[in-house]
Enquirer: 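One structure coming up, written as structure tokens, with questions to follow.
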Number of protein chains: 2
Amino acid sequence: MTQQPFHHGNLRAVLLDQAERTLRQGSVDDLSLRELARQAGVSHGAPRSHFIDRQALLDAVAERGFERLTEEVGRAGAAHPTDLAERLRAAATAYVRFAVTDAALLELMFSAKGTGSAPGVQAAAGRFFSTFGALFDADLRAGRFRGTDPERTRLLFVAVLQGVAALIASHRVSAEQGAGLVDEAIELMLA
Amino acid sequence: MTQQPFHHGNLRAVLLDQAERTLRQGSVDDLSLRELARQAGVSHGAPRSHFIDRQALLDAVAERGFERLTEEVGRAGAAHPTDLAERLRAAATAYVRFAVTDAALLELMFSAKGTGSAPGVQAAAGRFFSTFGALFDADLRAGRFRGTDPERTRLLFVAVLQGVAALIASHRVSAEQGAGLVDEAIELMLA
DNA sequence: ACCTGAACACCGTTCAAGT
DNA sequence: ACCTGAACACCGTTCAAGT
């Protein structure tokens, strides 16, 4: 009875969970469809029913990553509705934490491969960027930033976070130094 | 006579050249040792004489990439010995150009895989960062930056460039927008 | 609709053998 | 010192067959 096929329509979710776990302790190269199937206790052909090929699985993982990042950054920002600098710091902290605990996932999310093709990933990335932009909106209009072009200001902050994440992922700076860099950036951006 | 073994000790360089070319029109996943050997007209086992495994080849490619990036950014900066903002802009332009024409290579260079292990890559990366830092030195001491900690100022600029490069590579901003972001960053950093 | 299992082409790696 | 070619284990992908 307990030996009946382990999954009933949730193999897809099981594979994605396992893929995320694998990414958390290795690189995207370590992600093998056959190994995932093995860990899920199904045959190596089974994933085919849910993902047309390996890239489709990676796309789904990236999409999920963007959704989680959006949620975590958005929540961190929402905790500070009045204080702008504090809100940016909180959002940045959430971003850096994500970059530290899920370095390989973030790399996958922002690789040309991940963002280049799949529309689902594109859409999820778009939602992330607009949620991120919303952190600035009211204060941008109020002119509390030194920057000139509002859109530019937003993108610049994303670039800083992304760059800091890359420096941390490549072990060039520590997570603490990364937080310091973010603080410095916020300081420079505020009028 | 012309059918004698094509390479005489320069197979290593041929493989690295071909690897770079492959990276320029694809991702690191498209890089296959066997395919490189095929293109070089040698047997699939031949690369083994020069690279112990695939990772060793990737390391060598990354190291070479850092050396070229160092050279190009350094040269761009050296063309403007007096004007600080112009020097940073020139160096940043060189960096962004590299990020555009060699996106996959840059990704390899900054991936945890590339920088994580091999000492040669670490050393080349270190030389790049110190060359990059040298662009700031005189003016940092002269206090021409708004930033507080000099080391932080340097790292922040690298982070901005790296982040802008990632945004361009993931097709989220154009190369022109990237240049605009860099200009904005320089403006914000200068006192 | 979902999963199995054989089949195929490709890859990285190893290694004895050649020059 | 450098390269060849067979061998091995692993992988992604396809597909007919089962339930």
Side-chain angles (χ1 to χ4, degrees), chain A residues 1-23 25-62 104 108 111 113-114 116-118 121, chain B residues 1-23 25-62 104 108 111 113-114 116-118 121:
Chain A
M1 279 308 179
T2 53
Q3 286 300 34
Q4 62 185 315
F6 191 52
H7 310 290
H8 292 284
N10 70 330
L11 175 59
R12 186 190 148 92
V14 170
L15 291 173
L16 289 177
D17 281 346
Q18 191 56 47
E20 219 166 284
R21 222 165 309 157
T22 303
L23 272 183
Q25 52 189 34
S27 85
V28 62
D29 297 338
D30 303 330
L31 241 174
S32 146
L33 277 183
R34 287 176 105 108
E35 177 64 23
L36 288 178
R38 235 172 271 129
Q39 291 167 341
V42 293
S43 78
H44 69 263
R48 227 320 181 71
S49 303
H50 302 280
F51 305 101
I52 184 66
D53 57 17
R54 196 182 108 108
Q55 186 56 52
L57 176 100
L58 295 183
D59 289 344
V61 170
L108 170 65
S111 73
K113 195 172 31 179
S117 43
V121 183
Chain B
M1 278 309 180
T2 54
Q3 286 301 36
Q4 65 186 309
F6 192 52
H7 310 287
H8 292 284
N10 71 329
L11 175 59
R12 185 190 149 92
V14 170
L15 290 174
L16 288 177
D17 281 345
Q18 190 55 46
E20 220 165 284
R21 222 164 310 155
T22 303
L23 272 184
Q25 53 190 34
S27 84
V28 62
D29 296 338
D30 304 330
L31 243 174
S32 145
L33 277 182
R34 287 175 106 109
E35 176 64 24
L36 288 178
R38 235 172 270 131
Q39 291 167 341
V42 294
S43 77
H44 71 261
R48 227 319 180 73
S49 302
H50 304 279
F51 305 101
I52 184 66
D53 58 16
R54 197 181 106 109
Q55 187 56 52
L57 175 99
L58 294 183
D59 289 344
V61 170
L108 171 65
S111 73
K113 195 171 35 178
S117 42
V121 183

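All chains are named by letter (A, B, ...) in the order of the sequence lines, taking the proteins before the strands, and each is independently numbered beginning at 1.
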Enquirer: Once side-chain hydrogen bond (donor to acceptor under 3.5 Å, both in side chains) is applied, do any residues pair with A:R21, and if so which ones, sequence neighbours excluded?
Expert: A:Q18
Enquirer: Testing the basics here: between A:R12 and A:A60, what is the closest heavy-atom pair and its distance to 0.1 Å?
Expert: NH2-CB, 4.2 Å
Enquirer: Rounded off to whole Å, could you give me the CG-to-P distance for the B:L33 and C:dC11 pair?
Expert: 10 Å
Enquirer: Rounded to whole angstrom units, what separation is found between the CG atom of A:L58 and the P atom of D:dT13?
Expert: 10 Å
Enquirer: Measure CG/A:L31 against C1'/D:dG12 and give the value in whole Å, please.
Expert: 13 Å
Enquirer: Of the nucleotides D:dG12, D:dC3, C:dC11, which has the atom closest to the B:S32 side chain?
Expert: C:dC11
Enquirer: Can you find a side chain N or O atom of A:R34 that sits less than 4.0 Å from OP1 or OP2 on C:dC11?
Expert: no
Enquirer: By side-chain hydrogen bond (donor to acceptor under 3.5 Å, both in side chains), which residues pair with B:D30, not counting sequence neighbours?
Expert: none
Enquirer: Please list, in numerical order, the residues of residues 43-53 of chain A that have a heavy atom closer than 4.0 Å to any atom of DNA chain C.
Expert: A:S43, A:H44, A:G45, A:A46, A:S49, A:H50
Enquirer: Whenever both distances are under 3.5 Å in a Watson-Crick or G-U wobble pair, mark it; put DNA chain C into dot-bracket that way, with [ ] for crossing pairs and | when the partner is on another strand.
Expert: ||.|||||...|||||.||
Enquirer: Atom CG of B:L11 and atom C1' of D:dC3: how far apart are they, to the nearest Å?
Expert: 9 Å
Enquirer: Without decimals, in angstroms, what is the distance between A:D29 CG and C:dG12 P?
Expert: 12 Å
Enquirer: Just how far, in rounded Å, is C1' of D:dC2 from CG of B:N10?
Expert: 12 Å
Enquirer: Applying side chain to side chain contact (heavy atoms under 4.5 Å, CB included), name anything that partners B:A46, two or more places apart in sequence or on another chain.
Expert: B:L11, B:V42, B:S43
Enquirer: Roughly how many Å is it from CD in A:E35 to C1' in D:dC11, rounded to a whole number?
Expert: 11 Å
Enquirer: Mind checking B:R38 for me? I need base, sugar-phosphate or nothing, with any heavy atom below 4.0 Å counting as a touch.
Expert: sugar-phosphate
Enquirer: What's the separation between atom CG in A:L57 and atom CZ in A:R48, rounded to the nearest 0.5 Å?
Expert: 13.0 Å
Enquirer: Expressed in angstrom and rounded to an integer, what is the separation of B:L15 atom CG from D:dC2 atom C1'?
Expert: 13 Å
Enquirer: Could I get the full list of salt bridge (charged side-chain N to carboxylate O under 4.0 Å, His left out) partners for A:R38, not counting sequence neighbours?
Expert: A:E35
Enquirer: Apply side chain to side chain contact (heavy atoms under 4.5 Å, CB included) to B:Q55 and B:L58, showing your working.
Expert: CA-CA 5 Å; B:Q55 187 56 52; B:L58 294 183; 4.0 Å; yes
Enquirer: Who passes salt bridge (charged side-chain N to carboxylate O under 4.0 Å, His left out) against B:D53, sequence neighbours left out?
Expert: none
Enquirer: Hey, mind stepping through B:L31 and B:R54 against side chain to side chain contact (heavy atoms under 4.5 Å, CB included) and telling me if it holds?
Expert: CA-CA 9 Å; B:L31 243 174; B:R54 197 181 106 109; 4.0 Å; yes
